[in-house]
Protein chains: 2
Amino acid sequence: MLTRAGARGRFPACAPAACLLEDFRAIAYNNPLSTRAIAPILKGNGMAKAPQTAITPTRAEDYPEWYQQVVRAADLAETSAVRGCMVIKPWGYAIWENMQRVLDQMFKDTGHVNAYFPLFIPLSYLEKEAQHVEGFAKECAVVTHHRLEAGPDGKLVPTGKLDEPLVVRPTSETIIGATYAKWVQSYRDLPILINQWANVVRWELRTRLFLRTTEFLWQEGHTAHATRAEAEEETLKMLNVYATFAQDTMAMPVIRGEKTAGERFPGAVNTYSIEAMMQDRKALQAGTSHFLGQNFSKAQEIKFHSAEGREEFAWTTSWGVSTRLIGALIMTHSDDDGLILPPKLAPQQVVILPITRNDEERGPVLEYCNQLKKELAGARYDDAPVRVTIDDRDVPRADKKWQHVKRGVPFIVEIGPRDIAGDTIMPKRRDQSSGEKKPAVSRVEFIAKVGAELAEMQKSMFERALAQRAANTRTIARLEDFEAFFTSKNAENPEIHGGFANCHFVEGPATQEILNKYKVTIRCVPLSDEPGFEETVPGKCIFTGESTTQRGVFAKAY
Amino acid sequence: MLTRAGARGRFPACAPAACLLEDFRAIAYNNPLSTRAIAPILKGNGMAKAPQTAITPTRAEDYPEWYQQVVRAADLAETSAVRGCMVIKPWGYAIWENMQRVLDQMFKDTGHVNAYFPLFIPLSYLEKEAQHVEGFAKECAVVTHHRLEAGPDGKLVPTGKLDEPLVVRPTSETIIGATYAKWVQSYRDLPILINQWANVVRWELRTRLFLRTTEFLWQEGHTAHATRAEAEEETLKMLNVYATFAQDTMAMPVIRGEKTAGERFPGAVNTYSIEAMMQDRKALQAGTSHFLGQNFSKAQEIKFHSAEGREEFAWTTSWGVSTRLIGALIMTHSDDDGLILPPKLAPQQVVILPITRNDEERGPVLEYCNQLKKELAGARYDDAPVRVTIDDRDVPRADKKWQHVKRGVPFIVEIGPRDIAGDTIMPKRRDQSSGEKKPAVSRVEFIAKVGAELAEMQKSMFERALAQRAANTRTIARLEDFEAFFTSKNAENPEIHGGFANCHFVEGPATQEILNKYKVTIRCVPLSDEPGFEETVPGKCIFTGESTTQRGVFAKAY
């Protein structure tokens, strides 16, 4: 705990400990991995240790463990008794619902409709596309029996063996493709533009909440087209939908690009992805869009008569994002006090906490809070009423407040008799430390400004993330610089990685060998309209020296 | 096909065939099983056969097959290659989305939040509640392996055997209960009011689209409370939510009641249901709400410290409705031309069909249609803009129109040059035959009235269904009348059943034996605020003669 004795030197001795704590937090927020960096300053000021935070360990101390602790402290999810499967708790699920709502509207606005296909896939379906089954065979949950009966020892055992085992869908190209084959006869039946919201299962050996779980929730778009050009256009259109969603709704900058051959979806002709930089400078693939060519339509026989009367195979695409996005959200925005939610996705944008010392105060305070709630809910942000709630549970004041801090609520407003007397409000904005705290505002002013404030916070979170990415992105032309970028790290802090390296490269075994050595991956070849990649620049592959104009983004990755 | 030659006698000889057809349809709609009843009239008028309908067979000819044909003709769903699993097609899924939207808001308005729990349940969890596992063991899909590898013949076989088999959830009381046990320590942690939207699997031997499928979509509410009274209140509250939804949104009258011991959910103390009468007079259980007492909390150890410091077991409930509701919707409202959708659930409430004979007409007609669409979308119904679309696909006029008739769109509006010239519209309301067709209305009038028209249609559909139920419900006091009610049916028409019989009864083997004989089931003991059941009426069990005040609703059932 930070004591007054420690508050010497550049800090005024009279400042209360909590205030100093906020100052450190402000520094820490702006440089997510700076706690250790400021430790010597603290020491020089006679401070024995770093300030206490709501989350232990801090990001600087142990990023992966910090992540797990934020998931827990923000009530987002927890592990279940079933290996690798998570329970998504109400607060985490409400974020997912908000993501679903926005994405679903974007899909519908681009002409898609929803449908639902079976959870189970016959083994024979999966086998039809050789690359596809090879990619998923090692992680399939397989249903082999359809009933349970008491065995000799009274314990239940599976009985009723199935003639053909069923795979719990790891993705639905094969079962959906088989259905499309029945639906499509003529070019008039195309395009088919369908999305499905579903659960999928991939038996992962190492799981981490949201980032990699055995069962996860996602959406998978599956479209079929009469021409190659249309299918390619669809693939990129949906990649752009994902990028827009990531940037506008999640406040998370992403790079859109094409995956190299080694990183393609099993069975795809081209895979495109959006790649985001997390606070530890690792990359996270946040969404993918696949041009499947005629691979699946040939395997599943999706054939049609063209306008010219020829029998042709359809061209298909698939695209998906999953609950992994919640992991991306956490690692883009949160701090050592927990989650920070972009206002567009926050299940509650303002939480009002009534502060009363006795029953006498309770009535008038609650009345004021209810009135304030009503007025705030009358304000609008993001084409909807501001989402506001009162938390008047019988829980100690500090616990209650910290719970909402850890959960990332954009604005926390405490209301006590003194605030009511002045008819003023001291809103605490979650992405600003109290060090940046603005003076109290009148109730009327806050209500008038709350929409704009939320918009400003959304914008500011995006800009901060963008600045963080820019600060940790390098254009690198020599292998030794590449090596240095990914190895010259703080020995105390093995979780700090170089960041994003933009390099000329040629794919191949020699390139791959070097990448393996540094545990670095090629994230994507950015699209030609990505900032910094608009022009064709001749150069040499930094791994092999071959001449090439191809540039990629390299990073360690989740 | 009905010909002019047949249009004699009471029908004016000059009436076009289509008009007569509509007249017959009007009769048929009002009495869903009347086609055969009017056949002699047709014959007497020199008509050789019943009028052609969009759905073959008609309801009167073969109700179960008619049902399957409506599901198909309305593009709602189809069977898949996976035994008992269905593909829910976009139009069917859009109806489910509308159901979800309304129900989800009702759940939230009653204080519930959504969350998500694992698809898989360890076998050991299921075994903890003896009655529960007994109820579900015979229909469990069991995952036994977690990977696939090529066998000696190159074919894939399941490998990676699991130490403990996993059951694909048939319902989630056990896995959710185990989680609640971790969340609940003190009375302050209660109540927990959570709902989950999910897929579940029950390995059914005989499946029928929507009504009984191996995999289905549903919501399952799971709540935990500190007191018995609170849990009982919750159970009835959610039953009432379901009844309100069925009646207000689905336009489907239901009876709320308690299930008898033999019909309870496995592991429940009390099960309540809403029961609806289908057009063939069979009952369909459309939703259930269970008071689970402390059975599951004892099995799963959901314990808490009460305000008085005692350790107590929580009281739990669960409640659910599923995609079965779509089956109920079809069998409550549809006719021999296909689906009829209550406006509140119709994915499109108005479909505009541009009618053009040549390219010259196309421009102005489309322009008029677009303007009309915009104006209609500016009108409101059910607190939302009217859902309107233009179908200008290159499909023959009649085919296109019938497609929307079969899909149950509330209003179909054909727009051709003549309509534009008069600036008038001839809206075809799906639940009214053309026999009842109103004169053309001005465009302006239709736009002004469309919301009220949709509301009137919603109300009218409910009233028609209510009248159908009333006409086929009897209070029966003697066993011979009961027997006659369920056996005296048209020999030509084995699908016509008696309907609902309200009788005094006492549960027991003797009662059950008679019910089995007639394949009749006790649907429920109606709540004391159900119309007709408000008063305690002494009587005698019609099966055993015992004195009792208990009255039940009896019917053949889905």
Side-chain angles (χ1 to χ4, degrees), chain A residues 78 80-82 85-90 92-94 96-97 113-123 125-127 133 136-150 155-158 160 165-168 175 178-179 182 188 194 198-199 201 203 214-215 217 393-395, chain B residues 78 80-82 85-90 92-94 96-97 113-123 125-127 133 136-150 155-158 160 165-168 175 178-179 182 188 194 198-199 201 203 214-215 217 393-395:
Chain A
E78 63 184 38
S80 77
V82 187
C85 290
M86 66 180 160
V87 171
I88 307 180
K89 298 175 80 173
Y93 196 82
W96 179 239
E97 285 183 297
V113 287
N114 290 328
Y116 188 78
F117 298 85
L119 170 68
F120 298 132
I121 301 178
L123 203 46
Y125 276 46
L126 215 59
E127 285 176 309
V133 70
F136 288 104
K138 293 200 183 74
E139 48 190 45
C140 283
V142 191
V143 174
T144 54
H145 296 74
H146 68 78
R147 59 190 292 163
L148 297 167
E149 283 179 285
K155 288 252 166 209
L156 288 176
V157 290
L166 295 172
V167 172
V168 181
I175 186 89
T179 308
K182 289 198 281 174
R188 287 199 176 87
I194 286 181
N199 53 344
V201 170
W203 207 270
T214 298
E215 182 193 14
L217 303 183
R393 285 173 305 153
D394 177 22
V395 171
Chain B
E78 63 185 37
S80 78
V82 187
C85 290
M86 64 179 163
V87 171
I88 306 180
K89 299 175 79 172
Y93 196 81
W96 179 239
E97 285 182 297
V113 288
N114 290 328
Y116 189 78
F117 297 85
L119 171 68
F120 299 132
I121 302 179
L123 203 45
Y125 276 46
L126 215 59
E127 285 176 309
V133 70
F136 288 104
K138 293 200 183 74
E139 48 189 46
C140 284
V142 192
V143 174
T144 54
H145 295 76
H146 68 78
R147 60 190 292 165
L148 297 166
E149 281 178 286
K155 288 254 166 208
L156 287 176
V157 289
L166 296 171
V167 172
V168 181
I175 186 90
T179 309
K182 289 198 282 176
R188 286 199 178 83
I194 286 181
N199 53 345
V201 170
W203 206 271
T214 298
E215 181 193 14
L217 304 183
R393 286 172 305 154
D394 178 21
V395 170

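In what follows, chains are A, B, ... by sequence order, proteins preceding strands, each numbered from 1.
Only the side chain of A:Glu215 has a heavy atom closer than 4.5 Å to any heavy atom of chain B. The contact between B:Glu78 and chain A is made entirely by side chain atoms (from C-beta outward), counting heavy-atom distances below 4.5 Å. Neither the backbone nor the side chain of A:Phe136 comes within contact range of chain B; no heavy atom of the residue lies under 4.5 Å from a heavy atom of that chain. With a 4.5 angstrom heavy-atom cutoff, A:Leu123 touches chain B only via side-chain atoms. Both the backbone and the side chain of A:Pro90 come within contact range of chain B, judged by heavy atoms closer than 4.5 Å. With a threshold of 4.5 angstrom between heavy atoms, A:Arg393 does not approach chain B through any atom at all. Of the atoms belonging to A:Leu156, heavy atoms from both backbone and side chain fall under 4.5 Å from chain B. With a threshold of 4.5 angstrom between heavy atoms, A:Ala81 approaches chain B through its backbone and through its side chain. For A:Val87, the parts lying near chain B are the backbone and the side chain together; criterion is any non-hydrogen pair under 4.5 Å. With a 4.5 angstrom heavy-atom cutoff, A:Glu97 touches chain B only via side-chain atoms. Of the two parts of A:Val395, neither the backbone nor the side chain holds a non-hydrogen atom closer than 4.5 Å to a non-hydrogen atom of chain B.
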What verdict does the side chain to side chain contact (heavy atoms under 4.5 Å, CB included) test give for A:Val201 and A:Thr214, after you've listed the backbone C-alpha separation in whole Å, the side-chain angles of each residue and the deciding distance to 0.1 Å?
CA-CA 5 Å; A:Val201 170; A:Thr214 298; 3.9 Å; yes

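Taking OG of B:Ser80 as the start and CD1 of B:Ile88 as the end, the distance is 11.0 Å to the nearest 0.5 Å.
Not a single ring pair (Phe, Tyr, Trp, His ring centres under 6.0 Å) links B:Tyr116 to another residue, sequence neighbours left out.
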